[in-house]
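Residue numbers start from 1 in every chain, and the chains themselves are labelled A, B, ... in the order their sequence lines are given, proteins ahead of strands. As a basis for the values below, the full set of heavy atoms in this structure was taken, side chains included, without hydrogen atoms, waters or symmetry mates.
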2 protein chains.
Amino acid sequence: MTVGPSAPQPRTGKTARLPRTARRFQLLGAAREVFVAQGYHATAMDEIAERAGVSKPVLYQHFPGKLDLYLALLDEQAYSLLSSVRRALASTTDNHTRIARSIAAYFDFVDDPSGAYQLVLESDLRSEPAVRKRVENSFTECANAIAAVIAADTGVGPGEAELLSIGLVGLAETGARWWLVTGGTVEKERAVATMVELAWRGLAGYPRRNVDDADPASPDHADERED
Amino acid sequence: MTVGPSAPQPRTGKTARLPRTARRFQLLGAAREVFVAQGYHATAMDEIAERAGVSKPVLYQHFPGKLDLYLALLDEQAYSLLSSVRRALASTTDNHTRIARSIAAYFDFVDDPSGAYQLVLESDLRSEPAVRKRVENSFTECANAIAAVIAADTGVGPGEAELLSIGLVGLAETGARWWLVTGGTVEKERAVATMVELAWRGLAGYPRRNVDDADPASPDHADERED
DNA sequence: TCTGGATGCCGATCTTGACCTCCACCAGCG
DNA sequence: CGCTGGTGGAGGTCAAGATCGGCATCCAGA
């Protein structure tokens with residue numbers, strides 16, 4: 001999906017010559033793989049070059065430095081996420097569906113086999129101002145998109161809507177990331193549905209059970225959810 | 001609060017001799033300040049030593065290496081957060097209050113003037129397995145504590161309870177961090193209350209306003225919340 | 001087909017910066 | 001007065017980002 005084989009090119013000596021744009025695209029793919037697998041600090045430019053099957057100078061002929069390369073990938077992913085969320089919000093006017101699709105968008109974003117979501121949601125370079133700015137912008141833009149819908153469709157003020165959207169994004173982000181690390185233990189649709197339920201009806205939507213009413217045969221609410 | 005003056009010790013030459021535990025405590029304080037201010041990678045051991053007013057060898061006589069020092073601080077903060085959440089959950093049997101206090105615990109954790117929450121919630125060393133493990137453990141433990149309460153007090157199964165707790169923790173964490181970066185624009189209690197409301201009643205708790213019903217004089221729900 | 005030029009690529013190297021130890025110093029005690 | 005043990009400054013080592021001259025490859029045109 002990315003650009004080429006996952007194994008480093010064992011090209012003995014020479015590499016096929018590529019036009020600039022194709023080479024650049026390939027380098028981005030290789031860099032994405034290594035950055036995702038090891039994080040920013042742990043990856044060496046040597047590794048990226050090796051992964052791409054080229055030598056280091058080629059890398060520096062396409063990108064001024066390590067940080068620029070990383071930022072290019074970061075922008076790519078941040079834009080992807082924001083687009084997905086915007087599409088989800090614009091795809092319907094029913095707010096429950098909007099929330100469901102937005103949360104699903106986070107799960108889909110995280111579910112990409114390349115793992116590129118890590119660049120946006122788990123970057124290890126937030127100390128760098130340029131990175132911090134992009135990560136926070138990505139977060140804020142997504143939240144603002146949701147906040148605009150909330151403010152438009154409910155009676156809450158813009159400040160309150162922003163707070164709510166922050167909470168929702170946090171819920172979706174964290175839920176999606178956690179679901180991913182479980183590695184398929186929980187069905188994706190089920191995880192999404194639970195998060196949507198929580199976001200939509202809150203904890204109070206779940207039946208209270210008295211502490212002395214510990215009958216395990218009582219009907220389970222979670223399974224009779226309808227949508 | 002941490003250990004001593006924020007300015008590096010301008011001691012010309014000699015430093016007062018301290019017993020081991022006191023020295024270690026002071027070194028931890030200095031390290032915390034520098035790690036928090038600059039992140040793991042950007043901080044040099046030289047800086048920590050200078051900040052503490054000692055020389056590098058004494059640092060290495062107390063901690064085998066940079067990573068060990070960082071892990072000590074990380075454990076410290078992770079334990080602090082987990083304790084706060086556990087206290088919040090154990091302080092009452094009313095679930096709404098439990099959630100409120102738990103979310104408030106995250107806000108209080110983040111609100112510490114030392115900024116030490118960054119070590120747990122914004123570490124730039126997740127590529128290191130030891131760090132990753134601790135960060136994830138901290139998150140999981142907090143979620144499990146909440147999940148246990150949910151599973152005990154509602155009819156949902158343990159898997160569903162875990163999912164819900166993950167979402168709640170994400171909501172609290174993200175909300176708290178975001179509230180902090182706003183830097184006092186929003187009142188803390190108000191931010192907490194909104195997050196609690198969202199967690200408890202969900203978005204559906206807010207009145208639906210028809211798109212053609214754009215009367216700004218409609219009563220604002222968010223202010224008439226009762227608990 | 002042959003040639004000249006330009007483009008793309010590589011091996012080897014430089015430099016920086018940060019983690020981690022070696023020789024002089026000094027304070028307290030018998 | 002001499003010894004013990006902790007402290008300080010200076011240095012070793014190494015990994016990693018960034019770079020320079022040389023070589024191979026492709027293409028336009030006669």
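Distance CD (B:Q38) to C1' (C:dA18): 13 Å, rounded to an integer number of Å. Put simply, CD on B:E47 is 13 Å from C1' on C:dC19, counting in whole angstrom units. Spacing between atom CG of A:L59 and atom P of D:dT19 amounts to 12 Å, rounded to whole angstrom units. For A:E50 and C:dG11, the CD to P distance is 11 Å, given to the nearest whole Å. Summarising the geometry, the separation between CZ on A:R20 and C1' on C:dA6 is reported as 14 Å, rounded to the nearest angstrom. In this entry the distance linking CZ of B:F63 with P of C:dT21 reads 16 Å, nearest Å. Atom CG in A:L18 sits about 13 Å away from atom C1' in C:dT7, given to the nearest Å. In this structure, A:Q61 places its CD atom 13 Å from P of C:dG11, rounding to the nearest Å.
When distances run from any side-chain atom of B:P57 to the nucleotides D:dG8, D:dC20, C:dC9, the shortest one goes to D:dG8.
Within the structure, ring pair (Phe, Tyr, Trp, His ring centres under 6.0 Å) contacts touching residues 45-72 of chain B (residues at least two apart or in different chains) are B:F35-B:Y70, B:Y40-B:Y70. Each ring pair (Phe, Tyr, Trp, His ring centres under 6.0 Å) pair with one or both residues in residues 99-141 of chain B, not counting sequence neighbours, appears once here: B:F107-B:W179.
Partners of A:K56 according to the salt bridge (Lys or Arg N to Asp or Glu O under 4.0 Å) rule, which considers only residues two or more places apart in sequence or in another chain, are A:D46. Residues meeting the salt bridge (Lys or Arg N to Asp or Glu O under 4.0 Å) test with B:K188, sequence neighbours left out: B:D108, B:D111. Checked against salt bridge (Lys or Arg N to Asp or Glu O under 4.0 Å), B:E122 has the following partners two or more places apart in sequence or in another chain: A:R132, B:R177.
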Can you name the atoms? Protein N/O to nucleotides 15-18 of chain D N/O, anything below 3.5 Å, with the distance.
unit_1	atom_1	unit_2	atom_2	d
D:dG17	OP1	A:T43	O	3.2
D:dG17	OP1	A:K66	NZ	2.8
D:dG17	OP2	A:M45	N	2.8
D:dA18	OP2	A:Y60	OH	2.9
D:dA18	OP2	A:K66	N	3.1
D:dA18	N6	A:K56	NZ	2.4

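Using a 4.0 Å cut-off, some side-chain N or O of A:R23 falls inside it from OP1 or OP2 of C:dC9.
When side chains are defined from C-beta on, A:L67 counts as touching A:V131, because their heavy atoms get closer than 4.5 Å.
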